[in-house]
2 protein chains.
Amino acid sequence: MSRPQRDDLELVVLAVLADSAQYGYAITKAVDARSDGRIRVGPSVLYPLLARLEKSGYVTARWDEVSSDRTEGPGRRRKWYALSSKGERRLAQHIEAHRARVSMLETFIAPHADAEPTP
Amino acid sequence: MSRPQRDDLELVVLAVLADSAQYGYAITKAVDARSDGRIRVGPSVLYPLLARLEKSGYVTARWDEVSSDRTEGPGRRRKWYALSSKGERRLAQHIEAHRARVSMLETFIAPHADAEPTP
DNA sequence: ACAGATATGTCGTGATACGATATATCTTGC
DNA sequence: GCAAGATATATCGTATCACGACATATCTGT
């Protein structure tokens, strides 16, 4: 996937969070793993996206301090994101829109269904 | 469809032109009809898109003068667009990418397949 | 001590969907 | 005639957003 289609990233991130709350970096890894490397969500894409989701109320965020060996200084910071009920509805809408989009595109694609993988 | 996803418009326009060459305004109407009004391609979207397609060599364009009752003055101008062989390949690529995208998203969607249409 | 992984973020750029706007021609109804 | 609306093409400004590059700090393995 060269450039993900609009809303795909949001759907994918919401779907990951629907399984369990995650912190940003873990989301990156989860998306990469589950998409078999086809979707890469880099920091410059992920964090603005999460900020949008939080601002819209689709996710709630909570800071966490990871315990470390060292007793001094602040530990590594992690920001955990959890899907809100509004976010669940949003995810359902995305899925619904996706299905509608697929069936609609089928109208245009069907006559050219002989499309072969380019060699 | 609030905001068409990236590449959808291009796929749809190429698919329309794959059936037969069309001029701009006719493409707008064809897309509207075939999508049952779900995709609207206004002038400000269509013409830049067609210009991109022509520039990339996916379509070839030819001006046509429509015969009118009046013998004086220039008739109405129409610009006909036809799919090139490069455009055919492009369309096949779009379809292929679409199918790949759908199967990949299924990985994320499947666990939430209970998504109900929002009431 | 150093490299590399982990972890979160900002900044600038390029692409592009879309409303608004402009211009001109053709058709239909009165 | 002539006005309204459909036909037909095109540009401009704005808002959104994916992405590479960069910045900063912590933790782990050697």
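The chains referred to below are lettered A, B, ... by the order of the sequence lines, with proteins before strands, and numbering in each begins at 1.
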Looking only at dA18(D), dA20(C), dT7(D), the nucleotide nearest the Leu9(A) side chain is dA18(D)
Side-chain donor-acceptor contact under 3.5 Å, Ser56(A) with Glu54(A)
no
What contact category does Trp80(B) fall into here, base, sugar-phosphate, or nothing, at under 4.0 angstrom with non-hydrogen atoms?
nothing
On DNA chain C, does the nearest nucleotide to Pro48(B) precede the nearest nucleotide to Leu46(A) from the 5' side, or the other way round? Give the residue.
Leu46(A)
Grab the CD1-C1' distance between Ile27(B) and dT7(D) for me, whole Å please.
15 Å
Rounded to whole Å, please give me the gap between CD in Gln5(B) and C1' in dA15(C).
16 Å
dT10(C) phosphate, OP1 or OP2, under 4.0 Å from Tyr47(A) side-chain N/O:
no
Categorize Leu49(A) for me: base, sugar-phosphate, or nothing, with a 4.0 angstrom heavy-atom threshold over every strand shown.
nothing
With heavy atoms under 4.0 Å as the rule, sort Gly24(B) into base, sugar-phosphate or nothing.
sugar-phosphate
Can you check the Arg40(A) CZ to dC19(D) P distance for me, whole Å?
12 Å
With a 3.5 Å distance limit and no angle check, can you tell me whether Arg99(B) reaches the backbone of Glu96(B) through a side-chain donor-acceptor pair?
no
With a distance cut-off below 6.0 Å to the six-membered ring centre and an angular limit of 45° from the axis, does Arg77(A) pair with Trp63(A) as a cation-pi contact?
yes
So Leu11(A) and Ile109(B), side-chain contact (heavy atoms from CB on, under 4.5 Å) or not? Walk me through it.
CA-CA 9 Å; Leu11(A) 188 156; Ile109(B) 289 176; 3.9 Å; yes
What is the distance from CG of Asp32(B) to P of dT7(D), rounded to the nearest Å?
11 Å
With respect to the phosphate group of dC26(C), does any side-chain polar atom (N or O) of Arg77(B) fall under 4.0 Å of OP1 or OP2?
no
CZ of Arg76(B) versus P of dA6(D): gap in Å, rounded?
13 Å
For Lys29(A) and dA5(C), is the shortest distance between a side-chain N/O and OP1 or OP2 below 4.0 Å?
no
Would you tell me if any nitrogen or oxygen in the side chain of Arg3(A) comes within less than 4.0 Å of OP1 or OP2 on dC19(D)?
no
Take the protein atom CG of Asp7(B) and the nucleotide atom C1' of dA18(D), then report the distance between them rounded to whole Å.
13 Å
Side chain of Trp63(B) only, please: which of dA8(D), dC17(D), dT9(D) is the nearest?
dT9(D)
Testing Tyr47(B), Trp80(B), Tyr81(B) for ring pair (Phe, Tyr, Trp, His ring centres under 6.0 Å) with Tyr23(B), which one passes?
Trp80(B)
Distance check: side-chain N/O of Tyr23(A) vs OP1/OP2 of dA7(C), anything under 4.0 Å?
yes
Can you tell me the distance, in whole Å, between the CZ atom of Arg6(A) and the P atom of dC19(D)?
12 Å
Atom-to-atom span, CG of Leu11(B) to P of dA17(C) - whole angstrom:
13 Å
Would Gln5(A) and Arg101(A) satisfy side-chain hydrogen bond (donor to acceptor under 3.5 Å, both in side chains), going step by step from the backbone distance to the final call?
CA-CA 12 Å; Gln5(A) 310 227 4; Arg101(A) 175 180 169 274; 3.2 Å; yes
Between Arg52(B) and dA17(C), is there a side-chain N or O to OP1/OP2 distance below 4.0 Å?
yes
Looking at the side chain of Pro43(B), which of dT9(D), dC12(D), dT10(C) is the nearest nucleotide?
dT9(D)
